[in-house]
Amino acid sequence: MFNVDKIREDFPILKRTVHGKPLVYFDNAATSQTPQIVIDTIVDYYSNYNSNIHRGVHTLSQEATDKYEEARIKIQKHFNAKEAYEIILTSGTTHSINMVASGFASLLNKGDEIIVSALEHHSNIVPWQMLCEKTGAILKVIPMTDEGSLDMKTYHNLLNDKTKLVFSNHVSNALGTVNPIEEIIAAAHKVGAAVLIDGAQATPHIKPDVQALNVDFYVASAHKLCGPTGVGLLYGKQEWLEKLPPYQGGGEMIATVSFEKTTYAGLPHKFEAGTPNICGGIAFGAAIDYMNSVGFDAIANYENELLEYGTSELLKIDGLKIYGTSAEKTAVISFNVNDIHPYDIGAILDKLGIAVRTGHHCAQPIMDFYKIPGTIRASFSFYNTKEEIDILVQGVKRATMMLS
Ligand SMILES: *Cc1c(COP(=O)(O)O)cnc(C)c1O
């Protein structure tokens, strides 16, 4: 049975106040809060077995290595990767995307085509533009529709035998739209293109099965699913990870080194140069255990309730418009009230203890599409409540009155 009061007990930060008011944290799409069990894992690492991995014969190093590799296996199981070495631990989604983009530089030719969705985070646009500049490949964009979904008809028309790569997020961070990635992946494979899915925004709500999806690359960040910042994953199918050259040179990623020739280590070490975020990786594993103990079905059901409630309550406010109204979406509500600048409402909400995001949410092309400077984004998590949504609605009403 899902019990939100009990769950809130797991998150010490939810007890704090902001400007004398109880914290209402609705910026979960930017980063999620951290449960005590993950905080304890971090403290335990630094208190008891902090050590470098893979090198030492000594006990601490062996303990750290074991825990780090256990975390990799937890992540493998969670995403249902075939092999643990298909999970590369990175510093996060941005790092993972850049690793793939940089690897493809050696696989693309002038005139090859890359398709990217119009609903992307900047971190999923810039690396492909850089890759195109480097290789002479051409970037094509899947347009979006008014309700914030992808125009799939145009996508199918963009695909051809020059298409080498397709990139889309699983869920849009600005609007919450859940994209039809099964269809995107299957159609890309028909023309022989590889697919990278950015799961940063999906993984807090959905448990993806990379084998069932048959996706070539899937990336995510721990800090959006109750883990620490600075760690994330690159899942890659073995055949693709073997095809891509290493991203960085350094320790851990080599088998033998001489000044004449260096041979690279096998997977996953080929992509893990230098000392990784050891504590972060272990805490990522603990966060995944925690999320699974709550249960992704329970999370999705409850967050959906919050989304429906929040949508209907906010729409009662005069002049409030919601952006992103696709039938399939996660618990993200992006909105504006009349012509009031989103920042002004956000600043007043902060004085009331309510944390929302305002601005373009690293997705400026979407804001350009709607011809707005940005939105106020309230993003809900399974530890939020309807009472908190009531506080948000009251806050938005109050801010609107003050600013009109
Ligand atoms: C947050 C986010 C990113 C960037 O994640 P980092 O952890 O900052 O690297 C990329 N894509 C989407 C969809 C996101 O929501």
Side-chain angles (χ1 to χ4, degrees), residues 7 10-13 25 27-46 50 53 64-65 67-81 84-100 121 123-124 169-171 173 196-210 215 217-236 247 268 271-272 274-296 299 303 330 362 379 381-383:
I7 281 168
D10 296 337
F11 292 82
I13 208 168
Y25 186 77
D27 195 17
N28 294 289
T31 201
S32 55
Q33 293 304 342
T34 317
Q36 189 65 50
I37 197 156
V38 173
I39 299 170
D40 290 346
T41 302
I42 294 167
V43 172
D44 180 43
Y45 171 80
Y46 284 109
N50 176 29
I53 54 171
T65 305
K67 295 266 195 199
Y68 192 70
E69 292 308 320
E70 272 168 31
R72 193 191 307 277
I73 289 167
K74 285 179 187 176
I75 298 164
Q76 174 208 351
K77 298 234 161 85
H78 181 74
F79 288 91
N80 195 30
Y85 54 72
E86 292 176 317
I87 302 294
I88 312 297
L89 288 161
T90 67
S91 74
T93 303
T94 304
H95 181 200
S96 302
I97 292 171
N98 277 283
M99 280 170 84
V100 177
H121 191 278
S123 70
N124 211 2
N169 53 34
H170 191 168
V171 169
N173 71 304
L196 164 63
I197 298 294
D198 171 355
Q201 212 53 243
T203 44
H205 318 284
I206 298 166
K207 185 169 173 165
D209 179 332
V210 293
V215 68
F217 302 99
Y218 194 98
V219 300
S221 296
H223 70 95
K224 290 188 179 163
L225 56 153
C226 295
T229 56
V231 64
L233 86 139
L234 162 62
Y235 159 78
Y247 179 57
F271 292 103
E272 293 184 353
T275 301
N277 183 350
I278 301 166
C279 176
I282 295 167
F284 187 6
I288 280 182
D289 282 347
Y290 176 78
M291 298 284 289
N292 280 306
S293 77
V294 179
F296 278 83
I299 289 173
E303 288 178 348
T330 56
C362 298
S379 48
S381 180
F382 59 92
Y383 43 71

**Complete:** Contacts of Y383 meeting ring-ring contact (aromatic ring centres under 6.0 Å, His included) (sequence neighbours excluded), chain-then-number -> F11
Mind checking the [atom1]-[atom2] spacing from [X] to [Y]? Nearest 0.5 Å is all I need.
X    : Y    : atom1 : atom2 : result
Y85  : F271 : OH    : CZ    : 13.5 Å
T203 : L225 : OG1   : CG    : 4.5 Å
S379 : N28  : OG    : CG    : 5.0 Å
I42  : Y46  : CD1   : OH    : 8.5 Å
R72  : I87  : CZ    : CD1   : 8.5 Å
I75  : I88  : CD1   : CD1   : 11.0 Å

**Request:** Determine yes or no for a side-chain-to-main-chain donor-acceptor pair under 3.5 angstrom, with T31 supplying the side chain and H223 the backbone.
**Result:**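 Checking the backbone N and O of H223 against the side chain of T31, a donor-acceptor pair under 3.5 Å is found.
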**Prompt:** Does Q201 reach the main-chain N or O of V171 with its side chain, forming a donor-acceptor pair under 3.5 Å?
**Reply:**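 Checked: no pair found.
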Where [X] and [Y] come nearest, the two heavy atoms and their spacing:
X    : Y    : value
P228 : V38  : CD-CG1, 4.4 Å
K224 : A29  : CE-O, 3.3 Å
S32  : C226 : OG-N, 2.7 Å
A84  : I73  : CB-CG1, 4.1 Å

**Request:** State, yes or no, whether a side-chain contact exists between I13 and Y25 at a heavy-atom distance under 4.5 Å.
**Result:**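 Counting from C-beta outward, I13 and Y25 never come under 4.5 Å.
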Can you name the residues that form a side-chain contact (heavy atoms from CB on, under 4.5 Å) with [X], not counting sequence neighbours?
X    : result
T93  : I97, D198, A200, V219, S221
P276 : I53, Y68, I278
N80  : D209, Q211
H95  : T90, S91, M99, Y247

**Prompt:** Quick one: side-chain hydrogen bond (donor to acceptor under 3.5 Å, both in side chains) partners of Y218, sequence neighbours excluded?
**Reply:** H170
**Sequence-distant partners of T275, side-chain hydrogen bond (donor to acceptor under 3.5 Å, both in side chains), two or more places apart** =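 Counting only residues at least two positions away or on another chain, T275 forms a side-chain hydrogen bond (donor to acceptor under 3.5 Å, both in side chains) with N52.
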**Prompt:** Tell me, which pairs form a salt bridge (charged side-chain N to carboxylate O under 4.0 Å, His left out) where one or both residues lie in residues 278-287, sequence neighbours left out?
**Reply:** none
**Item:** salt bridge (charged side-chain N to carboxylate O under 4.0 Å, His left out) partners of residues 33-44, not counting sequence neighbours, each pair once
**Value:**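 Sorted pair list comes back empty.
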List, one per line, each side-chain donor-acceptor pair under 3.5 Å for residues 281-292, sequence neighbours excluded.
unit_1 : atom_1 : unit_2 : atom_2 : d
D289   : OD2    : K74    : NZ     : 2.8
Y290   : OH     : D10    : OD2    : 2.8
N292   : OD1    : K207   : NZ     : 3.2
N292   : ND2    : H78    : ND1    : 3.1
N292   : ND2    : I288   : O      : 3.0

**Heavy atoms from other residues, nucleotides or ligands near CD1 of I37 exceed 12 (cutoff 6.0 Å)** = no
**Partners meeting salt bridge (charged side-chain N to carboxylate O under 4.0 Å, His left out) with E303 (sequence neighbours left out)** = none
**Message:** Taking salt bridge (charged side-chain N to carboxylate O under 4.0 Å, His left out) as the definition, give me every residue that meets it alongside E86, ordered by chain and number, with sequence neighbours left out.
**Reply:** none
